[in-house]
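Okay, so here's the structure we're looking at.
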Amino acid sequence: MSCYEIEALRLGLMNVLGTEDDHARQHAEAELEGHLTGPIEALANAETLSAIERHLDAALVDLEEEIARTDEDTDEYDYMRGRLVAVRDAERAVSRITAQGEDVLSGLGEAHDVLHEAFPVEE
């Protein structure tokens, strides 16, 4: 069993962050071999945080549907429920990254405005 959503998210974040760790990338790609379809494939290939959020949400919907079809009396069901918790936690982490990035962007805009107030430029 593998955490396809987590590995695809790792690949997507590597894309967004420009991570060049070939070993980590190869490991994630190997884990996903044969499973790069639908939201998992889109998540692995995402190049923006908004794309990651969108595809991770779609992958969560698919995982929830898969859990609903699984017999509750199996080890697989328990594993999948654990996987769901991990993916939801990852979703919150991505939301925090996005919010922090937007806060940095806003702060830079404010710093820019303060500089212009302190040092006006005549045009």
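- By the 4.5 Å heavy-atom criterion applied to side chains, L32 and L11 are counted as neighbours.
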Item to complete: Go through the steps for R69 and E66 under the test salt bridge (charged side-chain N to carboxylate O under 4.0 Å, His left out), then give the verdict.
Response: CA-CA 5 Å; R69 292 188 305 269; E66 187 178 355; 5.4 Å; no
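- Judged purely by distance below 3.5 Å, without hydrogens or angles, the side chains of T98 and E53 pair a donor atom with an acceptor atom.
- Counting heavy atoms from C-beta outward, E7 and H27 have side chains that approach closer than 4.5 Å.
- Considering all non-hydrogen atoms of both residues, I6 and A86 come closest at CD1-O, 4.0 Å.
- Annotation: salt bridge (Lys or Arg N to Asp or Glu O under 4.0 Å) contacts involving residues 92-107, sequence neighbours excluded, comprise D89-R92.
- In this view, R25 and N15 satisfy the side chain to side chain donor-acceptor pair (under 3.5 Å) rule, not counting sequence neighbours.
- For H35, the ring pair (Phe, Tyr, Trp, His ring centres under 6.0 Å) criterion is met by Y4, not counting sequence neighbours.
- Applying the salt bridge (Lys or Arg N to Asp or Glu O under 4.0 Å) rule to E64 yields the partners R88; only residues at least two apart in sequence or on another chain are considered.
- Using a 4.5 Å cut-off between side-chain heavy atoms of Ile, Leu, Val, Met, Phe, Trp and Tyr, L108 falls into a hydrophobic cluster with V104.
- The ring pair (Phe, Tyr, Trp, His ring centres under 6.0 Å) test applied to H23 returns no partner, not counting sequence neighbours.
- S95 pairs by the side chain to side chain donor-acceptor pair (under 3.5 Å) definition with nothing, not counting sequence neighbours.
- By the side chain to side chain contact (heavy atoms under 4.5 Å, CB included) test, T37 pairs with no residue at all, sequence neighbours left out.
- Remark: of the listed residues R10, H55, R83, R83 is the sole one forming a side-chain hydrogen bond (donor to acceptor under 3.5 Å, both in side chains) with E5.
- The minimum heavy-atom distance linking A46 with I52 is given by the pair CB-CG1, 3.5 Å.
- Under the side chain to side chain donor-acceptor pair (under 3.5 Å) criterion, T48 pairs with S50, sequence neighbours left out.
- Partners of E91 according to the side chain to side chain donor-acceptor pair (under 3.5 Å) rule, which considers only residues two or more places apart in sequence or in another chain, do not exist here.
- Atoms CD and CG, from E41 and L43 in turn, are 11.0 Å apart once rounded to the nearest 0.5 Å.
- I67 meets the side chain to side chain contact (heavy atoms under 4.5 Å, CB included) test with L63, Y77, M80, R81, L84; sequence neighbours excluded.
- Within the structure, side chain to side chain donor-acceptor pair (under 3.5 Å) pairs that include any residue of residues 109-121 comprise H112-H116 (at least two apart or interchain).
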